[in-house]
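What follows is a single structure, written as structure tokens, with notes after it.
Values below: every heavy atom of this structure, side chains too, minus hydrogens, waters and symmetry copies. Note on naming: letters A, B, ... go to the chains in the order of the sequence lines (proteins, then strands), and numbering restarts at 1 for each one.
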Amino acid sequence: MLLLVLLIVLDQSIGLVMHKLYFGATSGVEFETTFAFTKADADVIFTGSSKARRNYNTPLIADSLQLSCYNAGHDGQSLLFSYAMTKMLLSHHTPKMIVVEMFPEELYYKEVHYDRLNVLLPYYADYNEIREVADWRGTRDVDTSSVFYKLYPFNIEKVKLLSQSYRYNSMWLDLLKGIFKKQKTESGYLPLNKTITEKEKQQYIDEFELTKSRERNRHIDANKVKSLVGIITLCKQKNVKVVLVMSPVLKRYSDDKVYQLVDSIALSHHISLFDFTGDDRFKSFKYFADNHMNKTGSTYFSSILAQKLKIVIAQKP
Amino acid sequence: MLLTASCVFYMFFIPSYIIILLFTVVIDYFAGLWIENAKGRNRKLFLIISIIANIGVLSVFKYYNFFVGNIEGLAGLLGWHPDIPLLNMVLPIGLSFHTFQAMSYTIEVYRGNQKPEKNILLYALYVMFYPQLVAGPIERPQNLLHQFKEEHLFDYNRIVGGLKLMLWGLFKKVVIADRCGAYVSNVFDYPYQHTGETLTFWCGLFFFAWQLYCDFSGYSDMAIGAAQVMGIKLMTNFKRPYLSKSIGEIWQRWHISLTSWFMDYVFRPLGGYRKGRDRGAVNLLIVYFLSGLWHGAAWTFVICFFIFGAQLVFRLYFKKQIGWLFDHLGSKRNKRWNNILHTAVAFIMICIPFAFFRANNLPDALFILKSLFNFGTGALNIGNSSTFIYAVIGVLILYTVEIYQEYYSKSDALPEPKSTGLKFVFYSSVIIYILLTGVFDASQFIYFQF
């Protein structure tokens, strides 16, 4: 009994300290996530994974569009995070446009994309908007209408979230680092400066193929499809233009199934889809730092994208 | 009650696979009875039937595709390309563990060390006892079966002891193993991205050694602790192997239940060291070859364990020379330095073959092995610095606890404060640290796959 009381007191106290540290951060990923979730007020918002963060030169696009832009891309995330981001963003601000960066492969089920949703947990108590997505950490892509789920509708994540400390799991070191080391971005854009060689490009391609071949139970993730449709629906409800962009990659990987699916979603919802994954203009390894574009590549890509976005902005709703 | 719980536990993975388990349970149960009642050659016959049934199940589910792959590869070399169908199914969880446990039952009955169990439900519980069903320890009937028949009264100290062991096991799994695993994946899944980074490969290898140990011994601690809470005492599976002073000692402290299984049922029946050093060396190599196969149907495992065996054989033949070398490297006055030197060398020796254990395929393993000794740039890529630091802190805690247990308390007790109040604060803090730093994702226990 004494252990339980002590545990609760310690947990609440540590949770409180972590809360102060997290929401008091003035730079770093934690600060940027909070900013994007609660304060971002730009006209154009980019969301997605590290590809959004590295490939979209936000200041250049802002200049070109003559609109304020913010890059809310988050390293290691997927459409699941973009859905949570859109929900949070639209709850306090109505931008003119949301640009969703999506890597076609990310539509496939990957455990890691659920694991990384831990970045949503600090917001779990105070923001209802992200709960649906955060709860998926516990259920993954289980079909919640299935007999199995009805027999055993237990979501372990909800139990873990009773702990205040758990909401800041794996964050204390980053928060401490954030106090001493300030990371500066250009409206969320964080360019990479190095350039790969032709040989390295091939190595990245080979290793990607290898990783893909090792994946068991490879299937399209229903939650990600739901997220994509959810983003579009939410934006439409608020009269926000939404654009899907597949930025350049080292090699066009996915099979046609994914492209057909994204095409059909974009078509049925009458939204623009810009696919640069097979674009020959970005074939050169000189535009890449690793699997992401480098500053030269992202600047070139962003200048082309900006022209396309300009046309979409000018279109009547 | 326990049997029902064990069945439900097993069926959480793939429910239909329980049929495979029940099949071997029924065969071994009757084999035990028949061996007891039979005389002369028939006793051996029933033992062979039981072993064939167990090895047969193991061969079909675990090794069939491996054999087919190798046959096709060999046939291909001869210009023949047979198209043998493969089995497209997931390996039943913990198959190698409960199969070996089941075999130890019939062997011990055959040897007359164990009376056959008349109650099939009790025998089924022996094979399926859920704390150790999927990843051991691989128990012996003499140690486990009789405990199911005994009355287990409430014992506060026993239960608290079990819970502490479970907590330490959880700590090892989520704070150390899974955190090291993140760095290890980065190195071993993408080795070519680290070309020339010698220190990265060494670091990856060391982290894998700690990951493997904490993952597996963490599970063992949880299994032993859970059983202890219920009043069942399971055998010790790990005794701080990385503090061993020789590779031979490591194997006496690592996965003890499997090592002793092979010693009792393979090495000694083959003659052990009784028939001379050369025959002993061959027997050792056979045991380690089989141990590699037990771990997985892949040449990487077989090679890894064959190297372990070769290391022991080398030690068998060059014990004097190795002793001479250590005498010259060590200090005659400073015993502590000697201990550190022996421990470090044993650890490094055991780590190198792990490159085969973890690598995704043979070419990757060879590339990693080559990179370990390519002292070109020596660069260290720490990847995500937070992951690296969390892992290092975890490993430091591991060594602090184990050094305390090994050299100071000389027991398995955790270093805890003496006062009851402080004990509560200490264990609450451990739980909070797990919540703050543990990896709570979908990572599986490595040994579940075996």
Side-chain angles (χ1 to χ4, degrees), chain A residues 1-15 18 29 75-76 110-112 114-118 121 137-138 140 148 152 156-157 160 162-177 181 196 199-200 202-204 206-208 210-211 213-214 216-217 290-291, chain B residues 8 11-12 15 88-91 160 163-164 167 174-175 178-179 182 185-186 188-196 359-361 363-364 367 384-393 420-444 449:
Chain A
M1 191 63 191
L2 179 63
L3 180 71
L4 194 66
V5 172
L6 256 172
L7 196 59
I8 292 169
V9 170
L10 255 178
D11 180 56
Q12 294 293 320
S13 314
I14 300 281
M18 293 301 291
V29 182
D75 289 357
K110 283 188 177 64
E111 290 277 1
V112 73
Y114 286 89
D115 298 337
R116 287 174 184 161
L117 287 177
N118 69 328
L121 303 185
R137 261 174 68 83
R140 308 275 149 158
F148 178 77
Y152 187 70
I156 188 75
E157 195 62 21
K160 289 184 201 163
L162 291 173
S163 158
Q164 291 292 324
S165 309
Y166 175 71
R167 293 173 189 190
Y168 302 93
N169 175 265
S170 305
M171 290 180 189
W172 62 267
L173 210 51
D174 286 328
L175 288 171
L176 286 180
K177 275 196 293 188
K181 194 180 166 190
I196 52 169
K199 193 183 164 195
E200 283 170 329
Q202 195 50 48
Q203 281 174 355
Y204 278 112
D206 292 345
E207 281 178 359
F208 186 89
L210 193 68
T211 310
S213 69
R214 280 190 215 124
R216 290 177 191 170
N217 191 18
D290 42 43
N291 282 317
Chain B
V8 171
M11 288 169 74
F12 260 111
N88 187 20
M89 60 196 310
V90 181
L91 181 70
V160 169
L163 291 173
K164 282 179 188 172
L167 185 66
V174 300
V175 176
D178 290 348
R179 195 62 74 176
S185 298
N186 182 30
F188 281 82
D189 290 341
Y190 307 98
Y192 303 103
Q193 282 185 16
H194 301 285
T195 305
N360 292 310
N361 49 49
D364 278 13
F367 175 77
N384 181 323
S385 61
S386 298
T387 297
F388 190 85
I389 296 169
Y390 284 131
V392 169
I393 294 172
T420 312
L422 285 177
K423 254 184 212 170
F424 283 128
V425 175
F426 173 75
Y427 284 106
S428 305
S429 307
V430 173
I431 296 171
I432 298 292
Y433 189 77
I434 290 174
L435 286 165
L436 277 176
T437 314
V439 178
F440 291 93
D441 59 21
S443 47
Q444 297 275 340
Q449 63 184 301

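Looking at M171(A), only its backbone comes within 4.5 Å of chain B, counting heavy atoms on both sides. For chain B, no part of R167(A) is nearby; none of its heavy atoms comes within less than 4.5 Å. Using a 4.5 Å cut-off between heavy atoms, F426(B) makes no contact with chain A at all. With a threshold of 4.5 angstrom between heavy atoms, S429(B) approaches chain A through its backbone and through its side chain. Only the side chain of I14(A) comes within less than 4.5 Å of a heavy atom of chain B; its backbone N, CA, C and O stay farther away. Looking at T387(B), there are no atoms closer than 4.5 Å to chain A (heavy atoms on both sides), in backbone or side chain. Within the 4.5 angstrom heavy-atom criterion, atoms from both the backbone and the side chain of S165(A) approach chain B.
Of all non-hydrogen atoms in D11(A) and L162(A), the two that sit nearest each other are OD2-O, 4.2 Å.
Remark: the backbone N or O of G438(B) is paired with a side-chain donor or acceptor of N169(A) at under 3.5 angstrom. Listed for the R179(B) side chain is no donor-acceptor partner under 3.5 Å among the backbone atoms of V174(B).
Taking the six-membered ring where tryptophan is involved, the planes of F440(B) and Y166(A) are perpendicular, since the angle between them exceeds 60° and thus also 30°. Aromatic ring pairs are classed by plane angle as parallel below 30°, tilted from 30° to 60° and perpendicular above 60°; the pair W172(A) and Y433(B) is tilted.
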Practice item. Show your reasoning for whether side chain to side chain contact (heavy atoms under 4.5 Å, CB included) applies to L167(B) and I434(B). Key: CA-CA 9 Å; L167(B) 185 66; I434(B) 290 174; 3.8 Å; yes
